[in-house]
Number of protein chains: 2
Amino acid sequence: MSGARIPEATVARLPVYLRALNAMHEAGTTTCSSLELAQAAGVNSAKLRKDLSHLGSYGTRGVGYDVGYLRYQIAREIGLTQDWPVVVVGIGNLGHALANYSGFSSRGFRTVALLDGDGTRLGEHVAGLRIRGFDDLDEVVAEHGVVIGVIATPASGAQEVADRMVATGIRSILNFAPTILTVPEGVDVRRVDLSSELQILAYHEQRKSGGERGLPASVAHELAEAVDDVAAVAAPSTEQTAGQAAGARR
Amino acid sequence: MSGARIPEATVARLPVYLRALNAMHEAGTTTCSSLELAQAAGVNSAKLRKDLSHLGSYGTRGVGYDVGYLRYQIAREIGLTQDWPVVVVGIGNLGHALANYSGFSSRGFRTVALLDGDGTRLGEHVAGLRIRGFDDLDEVVAEHGVVIGVIATPASGAQEVADRMVATGIRSILNFAPTILTVPEGVDVRRVDLSSELQILAYHEQRKSGGERGLPASVAHELAEAVDDVAAVAAPSTEQTAGQAAGARR
DNA sequence: AGGAGTTTGTGAACGTGCGAACAAACTCGG
DNA sequence: CCGAGTTTGTTCGCACGTTCACAAACTCCT
Ligand SMILES: NC(=O)c1ccc[n+]([C@@H]2O[C@H](COP(=O)([O-])OP(=O)(O)OC[C@H]3O[C@@H](n4cnc5c(N)ncnc54)[C@H](O)[C@@H]3O)[C@@H](O)[C@H]2O)c1
Ligand SMILES: NC(=O)c1ccc[n+]([C@@H]2O[C@H](COP(=O)([O-])OP(=O)(O)OC[C@H]3O[C@@H](n4cnc5c(N)ncnc54)[C@H](O)[C@@H]3O)[C@@H](O)[C@H]2O)c1
């Protein structure tokens with residue numbers, strides 16, 4: 001049972017369940033039904049039960065789930081019984097925030113190094129860690145056995161950083177830069193794309209506020225080129241082409 | 001055609017296509033095939049064509065797509081021909097990074113206000129905006145016609161912030177706090193959950209490294225309670241219960 | 001003009017995911 | 001011990017998403 005493959009959609013929800021269980025545990029709850037847990041996690045109760053059934057049969061009919069037990073089982077399945085060393089590359093606006101974020105360390109991840117390509121940042125201390133040069137990557141990875149890398153550089157440098165990470169043996173990458181990374185098979189990349197999230201919200205928002213439609217295609221076609229440089233459509237993204245857009249931090 | 005409903009999976013990919021098209025446009029490319037665009041976006045070319053076919057028939061067989069034209073059509077479909085005023089609540093580590101992020105403004109979104117519940121931050125200036133009190137929410141929303149809100153507060157305050165946002169008329173929320181928000185029907189919430197992303201990576205990573213399995217369930221059950229307080233499993237998340245974990249910023 | 005080559009748009013097959021519904025397994029009270 | 005009530009685990013039908021494969025539509029060269 002616990003060797004079988006777990007559907008990707010289920011894997012993506014396990015962290016949510018785990019968090020809900022942790023909250024219950026802290027509230028002193030020792031037992032919960034699938035309905036309670038499902039509501040806390042914001043999903044259908046049938047879906048929750050099916051998800052959990054992929055891990056094994058850890059509930060008791062007529063009773064529910066033991067919070068502590070289920071918590072352990074999910075943590076084990078995700079791999080949080082060990083903690084994972086993580087390296088963050090690109091200590092700008094976002095990198096600083098990530099370095100200071102306590103939510104990682106408290107959930108099974110340990111930031112072991114902060115790297116930046118910009119020499120002027122070297123030596124600066126953030127959250128108790130000294131910023132080191134990007135060239136130290138191999139050393140850091142070897143020393144701590146890092147397998148997860150976080151990229152918080154501008155898009156222009158992200159692919160290069162990813163290539164170097166892969167070369168050093170990192171096989172899981174969390175990418176905040178708005179680019180699609182090309183990596184060899186066997187390397188996992190998850191992308192966190194805030195602009196996309198906002199754009200998806202905007203799409204739905206537009207649908208809600210009555211559907212005032214755009215121009216007919218015939219007219220639009222003629223306007224297309226003219227509109228190219230209008231900021232609202234899609235202003236030249238500084239970071240897609242040009243070197244890092246060093247926004248004035250702080 | 002352009003009134004029909006677009007599948008959610010497609011909507012989520014449109015921003016990626018748009019970004020790829022913008023990059024091509026800046027590189028001087030005026031035409032591209034579905035294969036080129038698909039590779040730039042990291043998807044199958046058939047999927048790309050089907051996605052685009054939901055918007056209309058904007059390509060030319062034997063030729064491909066006109067970059068400028070397609071760019072306009074996608075931007076229009078998403079609703080980026082106007083720009084959207086956005087309010088950010090919770091100007092801590094992450095809020096500062098978001099405020100300084102140029103990628104939003106350059107992609108059709110305009111941060112019109114930064115709000116924080118902590119009185120001591122009031123008056124501080126970030127990225128040209130003065131931090132205002134959370135109580136100014138109604139005023140800000142009314143003044144700028146805000147419909148999109150970003151929550152970057154600790155989890156403990158997120159639901160309250162969301163409630164207030166909904167009360168003022170905001171119907172789209174981007175939530176960075178690790179909580180499931182409860183909102184009325186008609187309000188969209190998108191969650192960006194960095195810990196979950198890392199945990200998903202960890203799950204796959206664990207599978208890659210030779211699947212050394214956990215303990216048998218029988219033994220695990222006895223250990224479950226003992227293991228509760230081991231940090232690696234899931235240390236008490238400071239922000240789930242306690243008030244804001246004011247990590248030392250800067 | 002016509003044929004060869006190219007590329008889109010879409011129909012059809014396949015796989016995955018979701019939700020309702022229900023039998024099996026448990027508790028509890030008498 | 002039994003029957004009523006509760007809750008899990010699973011089965012089934014359906015909707016959605018993905019990929020293949022190909023006809024239709026276009027360009028270009030002769
Ligand atoms: N700031 C945000 O809130 C935010 C939001 C969404 C996405 N992002 C994305 O996250 C990334 C970082 O954003 P930011 O605002 O922190 O940018 P930033 O410019 O403030 O920081 C980038 C850092 O990366 C370093 N860097 C650049 N190239 C490098 C390289 N090749 N190797 C190593 N280090 C390198 C720079 O020295 C700099 O310190 C960007 O891709 C941005 O699009 C940021
Ligand atoms: N920092 C990161 O890199 C990071 C990464 C992932 C997720 N997050 C999440 O983003 C959120 C913010 O993280 P952070 O590191 O910026 O935290 P932070 O503690 O640095 O900042 C939180 C800010 O929100 C304000 N605040 C608290 N309660 C409020 C309320 N009810 N109304 C208005 N403002 C309120 C506080 O005054 C503070 O300025 C947290 O939920 C965190 O889990 C942060």
Side-chain angles (χ1 to χ4, degrees), chain A residues 1-2 4-14 16-17 20-21 24 29-71 73-74 77 180 200 203-204 217 221, chain B residues 1-2 4-17 20-21 24 29-67 69-71 73-74 77 185 200 203-204 217 221:
Chain A
M1 167 65 77
S2 83
R5 182 188 142 277
I6 296 180
E8 194 53 38
T10 296
V11 172
R13 282 187 294 266
L14 290 181
V16 181
Y17 302 154
L21 286 167
M24 287 180 181
T29 313
T30 60
T31 286
C32 72
S33 69
S34 66
L35 187 65
E36 290 169 305
L37 184 51
Q39 284 173 346
V43 300
N44 187 296
S45 74
K47 190 177 351 189
L48 170 81
R49 288 199 299 276
K50 188 175 294 186
D51 281 343
L52 295 186
S53 76
H54 286 114
L55 313 190
S57 190
Y58 298 139
T60 309
R61 298 174 191 221
V63 180
Y65 300 92
D66 180 281
V67 171
Y69 183 45
L70 186 56
R71 207 162 78 96
Q73 291 299 339
I74 294 181
E77 194 66 43
I180 304 299
I200 294 167
Y203 169 82
H204 292 297
H221 204 164
Chain B
M1 167 63 80
S2 84
R5 182 187 141 278
I6 296 181
E8 194 53 37
T10 297
V11 172
R13 282 187 293 265
L14 290 181
V16 181
Y17 301 154
L21 286 167
M24 288 179 180
T29 313
T30 60
T31 285
C32 72
S33 69
S34 65
L35 187 65
E36 289 169 305
L37 184 52
Q39 284 173 346
V43 300
N44 186 297
S45 74
K47 191 180 341 194
L48 170 81
R49 288 198 300 275
K50 183 156 289 189
D51 282 343
L52 294 186
S53 76
H54 287 113
L55 312 190
S57 190
Y58 298 139
T60 309
R61 299 175 190 220
V63 180
Y65 300 92
D66 180 281
V67 172
Y69 183 45
L70 186 56
R71 207 162 78 96
Q73 291 299 339
I74 294 180
E77 193 67 43
E185 195 166 6
I200 294 167
Y203 169 82
H204 292 297
H221 203 164

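Below, chain A is the first sequence line, B the second, and so on; all start at residue 1. When reading the values below, keep in mind they use all heavy atoms of this one structure, side chains included, and skip hydrogens, waters and symmetry mates.
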In whole angstroms, how far is the [atom2] atom of [N] from the [atom1] atom of [X]?
X: B:Leu48; N: C:dT10; atom1: CG; atom2: P; result: 14 Å
X: A:Asp66; N: D:dT8; atom1: CG; atom2: C1'; result: 15 Å
X: A:Ile6; N: C:dG17; atom1: CD1; atom2: C1'; result: 15 Å
X: B:His54; N: D:dC16; atom1: NE2; atom2: C1'; result: 11 Å
X: A:Leu70; N: D:dT7; atom1: CG; atom2: C1'; result: 15 Å
X: A:Glu8; N: C:dG15; atom1: CD; atom2: P; result: 18 Å
X: B:Leu55; N: C:dT8; atom1: CG; atom2: P; result: 15 Å

Ignoring hydrogens, what is the shortest heavy-atom contact between [X] and [Y]? Give both atom names and the distance.
X: B:Tyr65; Y: B:Arg49; result: OH-CG, 3.9 Å
X: B:Ile74; Y: B:Leu14; result: CG2-O, 3.9 Å
X: A:Ile180; Y: B:Gly42; result: CG2-CA, 3.9 Å
X: A:Tyr58; Y: A:Gln73; result: OH-OE1, 3.1 Å
X: A:Val67; Y: A:Thr31; result: CG2-N, 3.7 Å

side-chain contact (heavy atoms from CB on, under 4.5 Å) partners for [X], two or more places apart:
X: B:Ala9; result: B:Arg13
X: A:Ala38; result: A:Val43, A:Ser45, A:Leu48
X: B:Ile200; result: A:Glu8, A:Val11, A:Ala12, A:Pro15, A:Arg190, B:His204

Residues of residues 30-40 of chain A with a heavy atom under 4.0 Å from any atom of DNA chain D, listed by number, are A:Ser33, A:Ser34
I need a per-nucleotide contact map over nucleotides 18-27 of chain D, read 5' to 3'. Cutoff is protein heavy atoms under 4.0 Å; write B for the base, S for backbone only, - otherwise.
SBBB--BBBS
If the cut-off is 4.0 Å, is B:Tyr65 near the phosphate of C:dG9, judged by side-chain N/O to OP1 or OP2?
yes
Only counting residues at least two apart or in another chain, list the ones meeting side-chain hydrogen bond (donor to acceptor under 3.5 Å, both in side chains) with B:Gln39.
none
